[in-house]
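The structure under discussion appears below in the form of structure tokens.
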Amino acid sequence: MDRSQIARDLARLRRGRGVSRPDLVTAVGPELREVLDVDSGVTSVELQGRLVTLLGEATMLLAPDLGRLAAAAFGLTSREATMSARLALADFQDRDARTWRRRLAQADQMLADQLVAQAQRRRRRMRDGWYWASYRMVVDASGPRPVFTTYRTLVATVDGLDEVQEQITLPSDHELSQVGIEALSGCRHRASESVSAHGWRLSFALPHPLAVGDEHQIGVRFTWPGRDWIQPLAASIPVRTIEQLDVEVFFGSPRECRRSWVLDGALPTAFLDPPRHDQIVEAETVSAHFDAVQRGLLYGIAWEWS
């Protein structure tokens, strides 16, 4: 995706009536079409809706004054016939033309980056088949048999999605049959497949096939035979998109751990390192919320057993 060409397409799109221009279908070039994910058969109404949605999201990520300037220029906030009129209506009439042209050129480049990033995220989700709109992990570490329960909302990115999978790792010489696996809601434990010496892929069937964009909630519980079966860690290292992650660990009273700490976007092996003083949380129940989750990094709560 050529960001410079997309920025030039955006600069051209701002002219005249902006996203409401009558020649919208011919005004949007192939590079911009690609990041908008529209084909040659798109109608003017469909294309306008796509532009309003994605440009609206992208302008909100700019600095407030620059985002307001760009939204007015593209005709997202008014339908005046010219860009000058739209900027005047948005109270930019006190800026000289040279200044707002320079700032709009800057906005075009930043919006091109945002649109490309959005397109890349959509493509990753399409390859994955689904992503997690929300992911909540609740752990009871107060007894001899740790219990991990997950409540998740998935969003399908393909038609006909009828199952989801996850992977778990067992210590050497331990049998999967000893782990309690319960599908609590929204799914059924269909199968378990060995994928390595210690790794297993678990498949959970959904009650009916989902279409692209459908949301579905599932709940799954793992009861481990003993503490030696797990790392003292309630966390996720995402391999697919998670928009919002919440982790909560109950340690009991008195606490069944010497100390606990939060890991926010750490390297996967960071839980092995001693925590910093400012990471330590002293509470019977430790909770953490993460809303800027990146793939391949570690998010969650670690502890040391008492």
Side-chain angles (χ1 to χ4, degrees), residues 132 134-152 164-204 217-239 242 245-264 266-290 297-306:
W132 302 114
S134 65
Y135 193 123
R136 181 169 178 248
M137 181 185 302
V138 180
V139 177
D140 186 346
S142 64
R145 303 183 68 200
V147 179
F148 284 61
T149 306
T150 58
Y151 304 96
R152 293 169 285 182
V164 296
Q165 302 88 33
E166 63 180 287
Q167 295 194 27
I168 63 172
T169 302
L170 304 182
S172 300
D173 303 322
H174 288 56
E175 297 293 333
L176 181 66
S177 60
Q178 295 180 259
V179 181
I181 304 173
E182 303 171 75
L184 302 178
S185 60
C187 63
R188 172 178 57 84
H189 182 204
R190 172 182 285 171
S192 302
E193 176 189 4
S194 176
V195 294
S196 68
H198 310 296
W200 289 81
R201 180 186 296 117
L202 310 180
S203 298
F204 294 90
Q217 296 180 340
I218 64 173
V220 178
R221 176 183 294 146
F222 293 87
T223 302
W224 298 92
R227 293 178 176 179
D228 61 324
W229 283 66
I230 64 168
Q231 296 282 0
L233 180 70
S236 176
I237 304 174
V239 296
I242 298 177
L245 172 65
D246 291 273
V247 181
E248 179 180 289
V249 184
F250 174 63
F251 292 110
S253 180
R255 288 186 5 135
E256 292 294 324
C257 69
R258 288 190 298 163
R259 56 183 178 176
S260 57
W261 60 98
V262 174
L263 294 164
D264 185 355
L267 293 175
T269 57
F271 73 95
L272 299 171
D273 300 328
R276 302 190 311 270
H277 178 73
D278 62 346
Q279 289 179 298
I280 296 176
V281 182
E282 301 287 349
E284 293 178 7
T285 300
V286 180
S287 302
H289 172 77
F290 311 97
L297 297 181
L298 177 66
Y299 300 85
I301 297 167
W303 66 89
E304 295 174 353
W305 294 114
S306 297

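Index from 1, following the sequence. Here the structure is a predicted model, which is why all the values come from computation and not from measurement. Just the heavy atoms: all of them, side chains too, but no hydrogens, waters or symmetry mates, feed the values below.
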For side-chain contact (heavy atoms from CB on, under 4.5 Å), just list the numbers for Ile168 and Leu170, CA-CA rounded to whole Å, side-chain angles, deciding distance to a tenth of an Å, and then say yes or no. CA-CA 7 Å; Ile168 63 172; Leu170 304 182; 4.3 Å; yes
Looking at every heavy atom in both Tyr299 and Pro238, which two are closest together, and how far apart are they? CD1-CD, 4.2 Å
What's the spacing between Arg136 CZ and Thr149 OG1 if we round to 0.5 Å? 9.5 Å
Looking at every non-hydrogen atom in both residues, tell me the closest pair between Ala141 and Val249 and how far apart they are. CB-CG1, 4.1 Å
side-chain hydrogen bond (donor to acceptor under 3.5 Å, both in side chains) involving Asp246 - partner list, sequence neighbours excluded: His289
In this structure, SG of Cys257 is separated from CH2 of Trp305 (nearest 0.5 Å) by 8.0 Å
Using the salt bridge (charged side-chain N to carboxylate O under 4.0 Å, His left out) criterion, which residues pair with Arg145? Sequence neighbours excluded. none
So, using side-chain hydrogen bond (donor to acceptor under 3.5 Å, both in side chains) as the criterion, who are the partners of Ser253 when residues are at least two apart? Glu284
Applying side-chain hydrogen bond (donor to acceptor under 3.5 Å, both in side chains), which residue pairs with at least one partner in residues 222-236 are found, sequence neighbours left out? Arg227-Glu256
Check side-chain contact (heavy atoms from CB on, under 4.5 Å) between Glu304 and all other residues, then give those that pass, not counting sequence neighbours. Arg258, Arg259, Trp261
Applying side-chain hydrogen bond (donor to acceptor under 3.5 Å, both in side chains), name anything that partners Gln165, two or more places apart in sequence or on another chain. Glu163
Distance in Å, Tyr135 OH paired with Leu245 CG, rounded so as to fall on 0.5 Å steps: 7.5 Å
Test side-chain hydrogen bond (donor to acceptor under 3.5 Å, both in side chains) applied to Arg152 - qualifying residues, sequence neighbours left out: Thr150, Glu166
Looking at residues at least two apart in the chain, or sitting in another chain, which of them share a ring pair (Phe, Tyr, Trp, His ring centres under 6.0 Å) with Phe251? Trp303
Who are the ring pair (Phe, Tyr, Trp, His ring centres under 6.0 Å) partners of Phe250, not counting sequence neighbours? none
Which atom names give the shortest non-hydrogen contact between Val247 and Gly300, and what distance separates them? CG2-CA, 4.2 Å
What is the minimum heavy-atom distance between Val286 and Ser260, and which atoms define it? CG2-OG, 3.6 Å
Side-chain touch Leu233/Leu263, heavy atoms, less than 4.5 angstrom: yes
Rounded distance [0.5 Å steps], CD in Glu193 versus CG in Leu202: 10.0 Å
All heavy atoms of Asp140 vs all of Ser142, minimum pair found to be OD1-OG, 2.5 Å
Where do Ala270 and Ala266 come nearest, in terms of heavy atoms and distance? CB-CB, 3.5 Å
Applying ring pair (Phe, Tyr, Trp, His ring centres under 6.0 Å) to Tyr151 and not counting sequence neighbours gives none
Taking only distance into account, with no hydrogens and no angle test, what donor-acceptor pairs under 3.5 Å do side-chain atoms of residues 174-188 form with protein atoms, sequence neighbours excluded?
from	atom 1	to	atom 2	distance (Å)
His174	ND1	Ser172	O	2.7
Ser185	OG	Gly219	N	3.3

With side chains defined as the heavy atoms from C-beta onward, is the minimum distance between Ile218 and Phe204 less than 4.5 Å? no
